[in-house]
> 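Submitted below is the structure of interest, expressed as C-alpha coordinates.
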2 protein chains.
Amino acid sequence: MKRNTWQRDAVRDALGDADGFVSAQSLHAALRDSGSGVGLATVYRALADLAVEGDADSLQQDGESLYRACTPGTHHHHLICRNCGTTVEIAADEVETWAHAVAAQHGFTQPQHIVDVFGLCPDCTRIATAGTTT
Amino acid sequence: MKRNTWQRDAVRDALGDADGFVSAQSLHAALRDSGSGVGLATVYRALADLAVEGDADSLQQDGESLYRACTPGTHHHHLICRNCGTTVEIAADEVETWAHAVAAQHGFTQPQHIVDVFGLCPDCTRIATAGTTT
DNA sequence: GTTGAGTTTGACAATCGTTCTCAACAAAGG
DNA sequence: CCTTTGTTGAGAACGATTGTCAAACTCAAC
(Lines give C-alpha, C1' and ligand atoms only; values in the text may rest on other atoms or scores of the structure.)
Protein backbone atom coordinates (compact mmCIF):
# COMPACT_ATOMS: atom_id res chain seq x y z
CA MET A 1 0.00 0.00 0.00
CA LYS A 2 1.18 3.51 -0.81
CA ARG A 3 0.56 6.19 1.76
CA ASN A 4 0.13 9.87 1.28
CA THR A 5 2.42 11.84 3.54
CA TRP A 6 2.95 15.55 3.76
CA GLN A 7 6.65 14.93 3.36
CA ARG A 8 6.21 13.44 -0.06
CA ASP A 9 3.97 16.33 -1.05
CA ALA A 10 6.53 18.79 0.23
CA VAL A 11 9.20 17.22 -1.94
CA ARG A 12 6.88 17.23 -4.93
CA ASP A 13 6.07 20.90 -4.36
CA ALA A 14 9.67 21.90 -3.85
CA LEU A 15 10.60 20.10 -7.03
CA GLY A 16 7.87 21.94 -8.86
CA ASP A 17 9.07 25.27 -7.55
CA ALA A 18 12.64 24.66 -8.59
CA ASP A 19 13.60 26.21 -11.90
CA GLY A 20 15.83 23.70 -13.56
CA PHE A 21 17.37 20.46 -12.49
CA VAL A 22 18.21 20.24 -8.83
CA SER A 23 20.15 17.75 -6.81
CA ALA A 24 18.57 15.84 -3.97
CA GLN A 25 20.88 17.63 -1.59
CA SER A 26 19.92 21.12 -2.67
CA LEU A 27 16.28 20.18 -2.64
CA HIS A 28 16.71 19.00 0.90
CA ALA A 29 18.38 22.28 1.79
CA ALA A 30 15.56 24.22 0.16
CA LEU A 31 13.01 22.25 2.12
CA ARG A 32 14.83 22.86 5.35
CA ASP A 33 14.92 26.57 4.51
CA SER A 34 11.20 26.71 3.95
CA GLY A 35 10.68 25.27 7.39
CA SER A 36 9.83 21.69 6.44
CA GLY A 37 12.02 19.49 8.55
CA VAL A 38 12.13 16.70 6.04
CA GLY A 39 14.92 14.20 6.40
CA LEU A 40 17.52 13.75 3.73
CA ALA A 41 16.79 10.08 3.30
CA THR A 42 13.15 10.89 2.80
CA VAL A 43 13.98 13.35 0.06
CA TYR A 44 16.00 10.69 -1.71
CA ARG A 45 13.19 8.20 -1.37
CA ALA A 46 10.56 10.64 -2.54
CA LEU A 47 12.62 11.66 -5.55
CA ALA A 48 13.25 8.07 -6.52
CA ASP A 49 9.52 7.41 -6.27
CA LEU A 50 8.66 10.44 -8.33
CA ALA A 51 11.12 9.37 -10.98
CA VAL A 52 9.66 5.89 -11.12
CA GLU A 53 6.10 7.18 -11.28
CA GLY A 54 7.06 9.45 -14.16
CA ASP A 55 6.41 12.68 -12.30
CA ALA A 56 10.05 13.63 -12.39
CA ASP A 57 12.92 13.38 -14.82
CA SER A 58 16.35 12.53 -13.64
CA LEU A 59 19.75 12.83 -15.19
CA GLN A 60 23.21 12.27 -13.90
CA GLN A 61 25.72 15.04 -14.06
CA ASP A 62 29.25 14.69 -12.80
CA GLY A 63 28.49 12.24 -10.07
CA GLU A 64 25.14 13.19 -8.75
CA SER A 65 21.57 12.70 -9.79
CA LEU A 66 19.60 15.78 -10.73
CA TYR A 67 15.84 15.82 -10.72
CA ARG A 68 13.21 17.98 -12.28
CA ALA A 69 9.43 17.98 -12.23
CA CYS A 70 8.00 17.17 -15.62
CA THR A 71 4.67 16.75 -17.27
CA PRO A 72 3.83 13.16 -16.47
CA GLY A 73 3.24 10.64 -19.20
CA THR A 74 5.07 12.47 -21.93
CA HIS A 75 8.40 11.37 -23.16
CA HIS A 76 10.63 14.31 -23.90
CA HIS A 77 14.15 15.61 -23.64
CA HIS A 78 15.85 18.68 -22.30
CA LEU A 79 17.81 21.65 -23.40
CA ILE A 80 19.81 22.80 -20.43
CA CYS A 81 21.88 25.91 -19.91
CA ARG A 82 25.18 24.75 -18.57
CA ASN A 83 25.73 28.07 -16.88
CA CYS A 84 22.50 29.07 -15.17
CA GLY A 85 20.65 25.77 -15.30
CA THR A 86 17.61 27.01 -17.18
CA THR A 87 15.83 24.07 -18.72
CA VAL A 88 13.57 23.82 -21.73
CA GLU A 89 11.54 20.72 -22.44
CA ILE A 90 11.75 19.64 -26.03
CA ALA A 91 9.64 17.10 -27.80
CA ALA A 92 11.93 15.07 -29.95
CA ASP A 93 10.00 12.90 -32.33
CA GLU A 94 12.81 13.10 -34.79
CA VAL A 95 15.26 11.67 -32.33
CA GLU A 96 12.83 9.01 -31.18
CA THR A 97 12.53 7.86 -34.75
CA TRP A 98 16.25 8.00 -35.26
CA ALA A 99 16.98 6.02 -32.11
CA HIS A 100 14.56 3.30 -33.07
CA ALA A 101 15.92 3.17 -36.60
CA VAL A 102 19.53 2.93 -35.47
CA ALA A 103 18.70 0.26 -32.93
CA ALA A 104 16.77 -1.79 -35.47
CA GLN A 105 19.57 -1.37 -37.98
CA HIS A 106 21.93 -3.19 -35.66
CA GLY A 107 19.40 -5.76 -34.55
CA PHE A 108 18.96 -4.14 -31.17
CA THR A 109 15.56 -4.22 -29.55
CA GLN A 110 13.84 -2.34 -26.73
CA PRO A 111 15.70 0.86 -27.37
CA GLN A 112 15.83 3.39 -24.60
CA HIS A 113 17.83 6.51 -25.05
CA ILE A 114 19.49 9.22 -23.11
CA VAL A 115 19.36 12.47 -25.02
CA ASP A 116 20.14 15.78 -23.44
CA VAL A 117 21.49 18.92 -24.98
CA PHE A 118 23.59 21.28 -22.95
CA GLY A 119 24.39 24.77 -24.12
CA LEU A 120 24.33 28.40 -23.16
CA CYS A 121 20.97 30.08 -22.95
CA PRO A 122 20.49 33.46 -24.69
CA ASP A 123 21.23 35.43 -21.54
CA CYS A 124 24.37 33.55 -20.65
CA THR A 125 25.50 33.67 -24.25
CA ARG A 126 25.26 37.43 -24.18
CA ILE A 127 27.22 37.63 -20.96
CA ALA A 128 29.84 35.18 -22.12
CA THR A 129 30.26 36.97 -25.41
CA ALA A 130 30.60 40.33 -23.69
CA GLY A 131 33.26 38.90 -21.45
CA THR A 132 35.19 37.23 -24.26
CA THR A 133 35.21 40.24 -26.53
CA THR A 134 37.92 42.11 -24.69
CA MET B 1 55.31 18.83 -19.75
CA LYS B 2 53.56 15.49 -20.27
CA ARG B 3 55.48 12.36 -19.54
CA ASN B 4 55.13 8.93 -20.97
CA THR B 5 54.85 6.27 -18.32
CA TRP B 6 54.27 2.56 -18.66
CA GLN B 7 51.36 2.88 -16.27
CA ARG B 8 49.48 5.17 -18.58
CA ASP B 9 50.17 2.84 -21.49
CA ALA B 10 48.97 -0.09 -19.44
CA VAL B 11 45.70 1.67 -18.75
CA ARG B 12 45.32 2.60 -22.39
CA ASP B 13 45.97 -1.00 -23.43
CA ALA B 14 43.63 -2.46 -20.87
CA LEU B 15 40.93 -0.07 -22.01
CA GLY B 16 41.52 -1.12 -25.58
CA ASP B 17 41.24 -4.79 -24.66
CA ALA B 18 37.99 -4.31 -22.80
CA ASP B 19 34.91 -5.12 -24.82
CA GLY B 20 32.39 -2.52 -23.84
CA PHE B 21 32.30 0.20 -21.27
CA VAL B 22 34.20 -0.54 -18.09
CA SER B 23 34.37 1.19 -14.77
CA ALA B 24 37.62 2.55 -13.42
CA GLN B 25 37.41 0.03 -10.63
CA SER B 26 37.06 -3.01 -12.86
CA LEU B 27 39.80 -1.72 -15.11
CA HIS B 28 42.01 -1.45 -12.06
CA ALA B 29 41.11 -4.99 -11.10
CA ALA B 30 41.88 -6.23 -14.61
CA LEU B 31 45.25 -4.51 -14.53
CA ARG B 32 46.07 -6.04 -11.20
CA ASP B 33 45.10 -9.43 -12.61
CA SER B 34 47.42 -9.07 -15.55
CA GLY B 35 50.28 -8.40 -13.18
CA SER B 36 50.56 -4.67 -13.57
CA GLY B 37 50.60 -3.23 -10.09
CA VAL B 38 49.04 0.03 -11.09
CA GLY B 39 47.49 2.08 -8.35
CA LEU B 40 43.83 2.89 -8.30
CA ALA B 41 44.37 6.61 -8.20
CA THR B 42 46.62 6.32 -11.23
CA VAL B 43 43.94 4.48 -13.16
CA TYR B 44 41.50 7.27 -12.38
CA ARG B 45 43.98 9.89 -13.46
CA ALA B 46 44.91 8.05 -16.64
CA LEU B 47 41.28 7.57 -17.58
CA ALA B 48 40.49 11.21 -16.98
CA ASP B 49 43.42 12.16 -19.18
CA LEU B 50 42.36 9.79 -21.93
CA ALA B 51 38.86 11.19 -21.83
CA VAL B 52 40.17 14.74 -22.08
CA GLU B 53 42.50 13.89 -24.94
CA GLY B 54 39.64 12.26 -26.81
CA ASP B 55 41.10 8.77 -26.73
CA ALA B 56 38.30 7.53 -24.53
CA ASP B 57 34.61 8.06 -24.21
CA SER B 58 32.97 8.23 -20.85
CA LEU B 59 29.43 7.97 -19.68
CA GLN B 60 27.83 7.84 -16.29
CA GLN B 61 25.64 4.97 -15.33
CA ASP B 62 23.98 4.65 -11.98
CA GLY B 63 26.65 6.35 -9.95
CA GLU B 64 29.89 5.48 -11.58
CA SER B 65 31.78 6.59 -14.66
CA LEU B 66 32.29 4.07 -17.40
CA TYR B 67 35.01 4.41 -19.97
CA ARG B 68 35.69 2.97 -23.35
CA ALA B 69 38.46 3.34 -25.89
CA CYS B 70 37.30 5.10 -29.02
CA THR B 71 38.66 6.26 -32.31
CA PRO B 72 40.19 9.61 -31.43
CA GLY B 73 39.06 12.77 -33.12
CA THR B 74 35.70 11.55 -34.26
CA HIS B 75 32.53 12.59 -32.58
CA HIS B 76 30.11 9.71 -32.32
CA HIS B 77 27.59 8.06 -30.11
CA HIS B 78 26.96 4.59 -28.81
CA LEU B 79 24.48 1.81 -29.02
CA ILE B 80 24.91 -0.24 -25.92
CA CYS B 81 23.45 -3.59 -24.99
CA ARG B 82 22.06 -3.19 -21.52
CA ASN B 83 22.48 -6.87 -20.87
CA CYS B 84 25.90 -7.93 -22.13
CA GLY B 85 27.50 -4.52 -22.59
CA THR B 86 28.31 -4.88 -26.26
CA THR B 87 28.87 -1.48 -27.75
CA VAL B 88 28.50 -0.22 -31.29
CA GLU B 89 29.82 3.13 -32.35
CA ILE B 90 27.35 5.06 -34.42
CA ALA B 91 27.94 8.18 -36.43
CA ALA B 92 24.99 10.43 -35.85
CA ASP B 93 25.01 13.30 -38.25
CA GLU B 94 21.27 13.44 -38.09
CA VAL B 95 21.31 13.95 -34.37
CA GLU B 96 24.13 16.45 -34.56
CA THR B 97 22.07 18.50 -36.92
CA TRP B 98 18.97 18.14 -34.80
CA ALA B 99 20.79 19.15 -31.63
CA HIS B 100 22.19 22.26 -33.25
CA ALA B 101 18.83 23.17 -34.74
CA VAL B 102 16.99 22.74 -31.45
CA ALA B 103 19.59 24.74 -29.58
CA ALA B 104 19.49 27.54 -32.13
CA GLN B 105 15.72 27.52 -32.08
CA HIS B 106 15.75 28.46 -28.43
CA GLY B 107 18.64 30.87 -28.71
CA PHE B 108 21.06 28.50 -27.08
CA THR B 109 24.65 28.47 -28.23
CA GLN B 110 27.59 26.11 -27.94
CA PRO B 111 25.45 23.01 -27.93
CA GLN B 112 26.96 19.85 -26.58
CA HIS B 113 24.87 16.77 -26.31
CA ILE B 114 24.68 13.50 -24.53
CA VAL B 115 23.16 10.89 -26.77
CA ASP B 116 23.34 7.22 -25.99
CA VAL B 117 21.01 4.45 -26.95
CA PHE B 118 20.60 1.44 -24.73
CA GLY B 119 18.89 -1.69 -25.91
CA LEU B 120 19.22 -5.42 -26.23
CA CYS B 121 21.65 -6.72 -28.82
CA PRO B 122 20.51 -9.45 -31.22
CA ASP B 123 21.90 -12.24 -29.06
CA CYS B 124 20.40 -11.00 -25.83
CA THR B 125 17.12 -10.32 -27.60
CA ARG B 126 16.97 -13.93 -28.70
CA ILE B 127 17.69 -15.17 -25.22
CA ALA B 128 15.22 -12.79 -23.63
CA THR B 129 12.53 -13.71 -26.11
CA ALA B 130 13.12 -17.40 -25.59
CA GLY B 131 12.79 -16.90 -21.87
CA THR B 132 9.65 -14.80 -22.13
CA THR B 133 7.87 -17.06 -24.56
CA THR B 134 6.85 -19.65 -22.01
C1' DG C 1 76.60 7.83 -18.37
C1' DT C 2 75.26 11.17 -14.91
C1' DT C 3 72.81 14.77 -13.01
C1' DG C 4 69.05 17.69 -12.02
C1' DA C 5 64.39 19.30 -12.26
C1' DG C 6 59.92 18.48 -12.17
C1' DT C 7 56.15 15.30 -13.18
C1' DT C 8 53.93 11.03 -11.88
C1' DT C 9 53.05 7.43 -8.85
C1' DG C 10 50.83 5.00 -5.04
C1' DA C 11 49.06 4.08 -0.40
C1' DC C 12 45.91 5.99 2.38
C1' DA C 13 42.92 9.44 4.20
C1' DA C 14 39.33 12.49 3.19
C1' DT C 15 35.22 13.73 0.79
C1' DC C 16 30.87 13.45 -1.14
C1' DG C 17 26.57 11.50 -2.67
C1' DT C 18 23.64 7.87 -1.71
C1' DT C 19 21.69 3.87 0.69
C1' DC C 20 20.85 1.09 4.83
C1' DT C 21 19.23 0.31 9.60
C1' DC C 22 15.91 0.32 12.91
C1' DA C 23 13.09 2.22 16.46
C1' DA C 24 9.39 5.52 16.66
C1' DC C 25 5.58 7.28 14.13
C1' DA C 26 1.45 8.11 11.50
C1' DA C 27 -2.04 6.97 7.77
C1' DA C 28 -5.86 4.01 6.32
C1' DG C 29 -9.22 0.69 7.39
C1' DG C 30 -12.05 -1.89 10.54
C1' DC D 1 -10.31 3.89 19.03
C1' DC D 2 -7.19 0.32 17.65
C1' DT D 3 -4.50 -2.35 14.79
C1' DT D 4 -1.77 -2.90 10.94
C1' DT D 5 1.79 -1.69 8.21
C1' DG D 6 4.13 1.50 5.25
C1' DT D 7 6.95 5.76 6.26
C1' DT D 8 10.08 8.72 8.58
C1' DG D 9 14.48 10.37 10.32
C1' DA D 10 19.15 10.41 12.54
C1' DG D 11 23.11 8.57 11.90
C1' DA D 12 26.02 4.83 10.43
C1' DA D 13 27.57 2.47 6.52
C1' DC D 14 28.98 2.29 1.93
C1' DG D 15 31.10 2.95 -2.54
C1' DA D 16 33.14 5.82 -5.92
C1' DT D 17 36.20 9.41 -6.53
C1' DT D 18 39.67 12.89 -5.31
C1' DG D 19 43.34 14.96 -2.47
C1' DT D 20 47.86 14.47 -0.06
C1' DC D 21 52.66 14.02 -0.04
C1' DA D 22 56.97 11.62 0.05
C1' DA D 23 59.38 8.64 -3.00
C1' DA D 24 60.22 7.04 -7.66
C1' DC D 25 60.74 7.89 -12.13
C1' DT D 26 61.09 10.34 -16.86
C1' DC D 27 63.15 13.45 -19.76
C1' DA D 28 66.53 16.48 -21.30
C1' DA D 29 70.77 18.57 -20.76
C1' DC D 30 75.47 18.12 -19.74
Side-chain angles (χ1 to χ4, degrees), chain A residues 1-15 18 20-53 55-69 80 82 85 114 116, chain B residues 1-15 18 20-53 55-69 80 82 85 114 116:
Chain A
M1 186 195 304
K2 186 129 241 168
R3 291 190 183 165
N4 234 2
T5 60
W6 63 267
Q7 286 99 333
R8 207 162 297 204
D9 285 344
V11 171
R12 192 187 301 260
D13 286 354
L15 193 62
F21 279 84
V22 287
S23 66
Q25 309 263 351
S26 58
L27 203 63
H28 175 235
L31 280 165
R32 172 160 291 178
D33 277 357
S34 66
S36 312
V38 183
L40 180 57
T42 304
V43 174
Y44 274 100
R45 280 186 287 239
L47 284 175
D49 282 355
L50 287 172
V52 167
E53 289 165 17
D55 290 347
D57 274 337
S58 70
L59 64 85
Q60 311 206 329
Q61 197 178 42
D62 196 33
E64 58 184 349
S65 297
L66 303 183
Y67 296 87
R68 178 167 192 276
I80 305 153
R82 93 170 66 92
I114 301 176
D116 286 297
Chain B
M1 188 194 305
K2 184 132 251 167
R3 293 191 180 166
N4 235 1
T5 61
W6 62 268
Q7 286 98 333
R8 206 162 298 202
D9 284 345
V11 171
R12 191 189 300 261
D13 285 355
L15 192 62
F21 278 84
V22 289
S23 66
Q25 308 265 351
S26 57
L27 203 62
H28 175 235
L31 279 165
R32 174 160 288 177
D33 278 356
S34 66
S36 311
V38 183
L40 179 58
T42 304
V43 174
Y44 275 100
R45 280 185 287 239
L47 285 175
D49 282 355
L50 286 173
V52 168
E53 289 164 17
D55 289 349
D57 275 336
S58 69
L59 64 85
Q60 311 206 329
Q61 196 177 42
D62 195 34
E64 60 185 348
S65 297
L66 303 183
Y67 296 87
R68 177 167 192 277
I80 305 154
R82 93 170 65 92
I114 301 177
D116 285 298

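Heavy atoms only: backbone and side chains are in, while hydrogens, waters and symmetry mates are out. All values reported here derive from a predicted model rather than from experimental measurement.
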> Once rounded to the nearest 0.5 Å, what's the spacing between atom CZ of B/R68 and atom CG of B/D55?
13.5 Å
> Please find the pair of heavy atoms, one from B/F21 and one from B/D57, that lie closest to each other, and give the distance.
CE2-O, 3.9 Å
> Starting at OG of A/S26, measure out to CG of A/L66 and round the result to the nearest 0.5 Å.
8.0 Å
> Go through the N and O atoms of the side chain of A/R45 and the base of D/dT7, and report whether any donor-acceptor pair is under 3.5 Å.
no
> Among D/dT17, C/dT9, D/dG9, which is the nearest nucleotide to the side chain of B/Y44?
D/dT17
> What does B/S23 touch in the nucleic acid at a heavy-atom separation under 4.0 angstrom: a base, only the sugar-phosphate, or nothing?
nothing
> Taking only the side-chain heavy atoms of A/K2 (C-beta and beyond), determine which of D/dT7, D/dA16, C/dT7 contains the nearest atom.
D/dT7
> Pick the nucleotide of DNA chain C nearest each of A/E64 and B/G39; which residue has the one closer to the 5' end?
B/G39
> If you compare all heavy atoms of B/A46 against all heavy atoms of B/R8, which two are closest, and at what distance to 0.1 Å?
CB-CG, 4.3 Å
> Using whole Å, what does the distance between atom C1' of nucleotide D/dA16 and atom CD of A/Q60 come to?
13 Å
> Can you check the B/D9 CG to C/dT8 P distance for me, whole Å?
13 Å
> When you match B/G63 and A/W6 each to their closest nucleotide on DNA chain D, which lands nearer the 5' end?
A/W6
> Side chain of B/A41, heavy atoms from C-beta onward: which of C/dA28, C/dG10, C/dA5 has the nearest atom to it?
C/dG10
> Both A/L40 and B/L40 contact DNA chain D. Which one's nearest nucleotide lies toward the 5' end?
A/L40
> Measure from CG on A/L50 to P on D/dT7 and round the result to the nearest Å.
13 Å
> Is there a side-chain contact between A/T42 and the phosphate of D/dT7, meaning an N or O under 4.0 Å from OP1 or OP2?
no
> When the distance from CZ of B/R3 to P of C/dT7 is rounded to whole Å, what number comes out?
7 Å
> Can you figure out which of D/dT8, C/dA5, D/dT17 approaches the side chain of A/R8 most closely?
D/dT8
> May I have the distance from A/Q25 (atom CD) to C/dT19 (atom P), rounded to whole angstrom?
11 Å
> Within this structure, what is the CG-to-C1' distance between B/L47 and C/dT9, rounded to whole angstrom?
15 Å
> Check the surroundings of atom CG in B/D62: do more than 12 heavy atoms from other residues, nucleotides or ligands lie under 6.0 Å from it?
no
> If only side-chain N and O atoms of B/T5 are considered, is one of them under 4.0 Å from the OP1 or OP2 phosphate oxygen of C/dT9?
yes
> For a quick test of reading the model: is some side-chain N or O of B/Q7 closer than 4.0 Å to OP1 or OP2 of D/dC25?
no
> Rounding to a whole Å, what distance do you find between A/N4:CG and C/dG29:P?
11 Å
> Would you kindly give the CD-to-P distance between B/Q61 and C/dT18, to the nearest whole Å?
16 Å
